[in-house]
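A short worksheet on the structure shown next.
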2 protein chains.
Amino acid sequence: MNRGYNPADKVFLAVDCIIFGFDNEDLKVLLIKRDFEPEKGKWSLMGGFLKKDETLNDAASRILFKLTGMHNIYMEQLYSFSEVNRDPVARTISTSYYAIINIEKHNEELIANYGAKWFSLAKAPHLIFDHDEMLGKAIRRLRRRTSISPIGFELLPEKFTMRQLQKLYEAILDKELDKRNFINKINSMDILIKLKEKDMSSSTKGSYLYMFDQEKYDDKQTNNFYLKL
Amino acid sequence: MNRGYNPADKVFLAVDCIIFGFDNEDLKVLLIKRDFEPEKGKWSLMGGFLKKDETLNDAASRILFKLTGMHNIYMEQLYSFSEVNRDPVARTISTSYYAIINIEKHNEELIANYGAKWFSLAKAPHLIFDHDEMLGKAIRRLRRRTSISPIGFELLPEKFTMRQLQKLYEAILDKELDKRNFINKINSMDILIKLKEKDMSSSTKGSYLYMFDQEKYDDKQTNNFYLKL
DNA sequence: TCAAAAGTGTTTAGTCTACACCCATGA
DNA sequence: TCATGGGTGTAGACTAAACACTTTTGA
C-alpha cells in the first residue's frame, strides 16, 4: 500500500560544502560569489542538488570536484539543515559537508570561474541563507575532530616543518601552543617521519622536514585516540 | 532563473528515530514491528516522512510523540543516509535522530499499538533497510556524548541511587567501572544533590538517593567538559 | 550471625604544563 | 658579530587508576 509515500511531501535536497585550506598562516575557507539568483552577488558556500542516482557523499564529491578540480578529498557529513523557509525559492533541505584540502593543489582557474575566494576565518563575509551557521558548525566539528584523530595530512604539503604543523594546529584551535610541548605530543603519536632534509626558507639555520607515515597515520585515524592540546 | 531547481530531483525525506531507554540493568532500544509493506513483520526503527511545514526536528518530535506519548524528549540529529536503493519503494533519504527517554514514562498502550518492544542492545534483532547501521552510529554517538556532556537526567527516574547512575554509565559504555573512582568523578562534576532519603529496595542497608541539580546540570550540558571514565 | 549491598581514602603511576637557553647561519 | 628562527629537557602539579575493609540491617 506504500503507506506514507505522498508525492506532495517530496523536497529538494541540496548539498553545501565547507571547504577548508591552510596557507601556512591562517585557516581559510573557500567561498563563492553567486552569479545567479537568488541572492546574486552575495557570498555563499559551494553547493548543488542531490541527483537521482547519487548518494549524498557522491554529490559532495561531485561538487568539490567542480570547484577545486580535485578528487578524493577528505570530507565528512556535518548536519542537515531544514528550516522551512531557509531557501526562498523552494522547500529545500540542505545536508552540509566539510572538506579539507591542500590549498596548493586546487585548480586556480576553476575557482576563478566561480568567482570563488579564500577567506581567513576571522575575515569571512556574511553568507546567504543559513550558511553562516553551517560554517560555524564546521569549525566546531573540525576542532573536535582534531582532538580525536590526527588531521593535517590533507592540509599540508607532502613535506613540512614542525613549525608549519604547529601553526596549522594553532590556526584550527585558534590558540597558541608551546613549541616544546607540541613537539613532544606529536612525537608521542608516532605518525611522523623525520627527514634528513631541511627547509631553509624560513630561517638561516633551517628546519628539518617531516612526512606523515601513511600507514601509522591511517591506523591512528581509524582507531581513534585522544590528543589534548 | 531558479537555476538547478529541477523537480525531477525531488526526493522523499524520512526521519528515523533511535530511542534509548534504561531499565536499571541494560541500555535498551525501542523497535517497532512493521504491520505494513515493505518488509511487513520485520523489526525497524520508528520513522515517518518530513511534512511540508515542519523542520527535521519537528518531524522527529512528532514521530517520538506518536510512539511514546511524550513531549520534549532529549534528541539529537545523527546522520543522513542516502544510499540510492536503501528504500525499495521510492528514492528516500533518511535523516536519523537518536533520543533518550525515561523508560517508565512512556505510554505502554501506544507502543503496544505499534507492536513496539524494548530490546537490550545485545539482543536487538536484525533491522530492515540500513537501520542496523543507524543504530550502530547512534550507540557510538551516545558513548561519545557521555564523555562531553552529562547524560542521565533523561534516562533515570527523578530520584536515583549512585549505583543506578553507575549502572547507567556502565550500560552506555559497556564496561565495568570502579565504584569509588566513579563516585569521585561524578562528585567532582558537581551536578548532583544528595538527599536525606534512602532507597531500601536494593539492600538492607539502603542507599542514599540523589537528584540532578537542574541548574548546574543545564549549565554543564551547554558548556561542555571532558569526563573520562 | 550472616549474607548482601553500601559506603568510604590513599598511594602510585602517568600525563600535562610551564618554563629558558644554546645553536646554526646568512647578512 | 648579530639577528633570526630552530632545537632541546626537566621539575612540579595535577589527574587517573588501582585497590580492601567496615557498615547496616533483614532474614
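Only a predicted model underlies this, so the values are computations on that prediction, with no experimental measurement involved. Just so it is clear: chains get the letters A, B, ... in the order the sequence lines come, proteins before strands, and each one is counted from 1.
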Q: Could you tell me whether the side chains of Asp58(A) and Ser61(A) share a donor-acceptor contact shorter than 3.5 Å?
A: no
Q.
Under 4.0 Å, heavy atoms only, any strand: does Lys179(B) hit a base, just the sugar-phosphate, or nothing?
A. base
(Q) Pairing donors with acceptors under 3.5 angstrom, does anything connect the side chains of Glu109(A) and Asn113(A)? (A) no
Q. Going 5' to 3' on DNA chain D, which nucleotide is the first and which the last to come under 4.0 Å of a heavy atom in chain B?
A. dA17(D) to dG26(D)
**Q.** Close side-chain approach of Lys42(A) and Lys33(A), heavy atoms under 4.5 Å
**A.** no
Q: For residues Tyr79(B) and Phe81(B), establish whether the separation of their ring centroids is below 6.0 Å.
A: yes
Q. More than 12 heavy atoms of other residues, nucleotides or ligands under 6.0 Å from OH of Tyr208(B): is that the case?
A. no
Q. Does a side chain donor of either Asp16(A) or Ser96(A) reach within less than 3.5 Å of an acceptor in the other side chain?
A. no
Q: Mind listing the residues from residues 201-209 of chain A sitting with a heavy atom below 4.0 Å of DNA chain C? Number order is fine.
A: Thr204(A), Lys205(A)
(Q) Under a plain distance cut-off of 3.5 Å, with no hydrogens placed, do Tyr97(A) and Asn57(A) share a side-chain donor-acceptor pair? (A) yes
Q: Quick one: label Lys194(B) by what it contacts on the DNA or RNA (base, sugar-phosphate, nothing), any heavy atom closer than 4.0 Å.
A: sugar-phosphate
Q | Sub-4.0 Å heavy-atom contacts from residues 162-178 of chain A onto DNA chain C, ordered by number | A | Asp178(A)
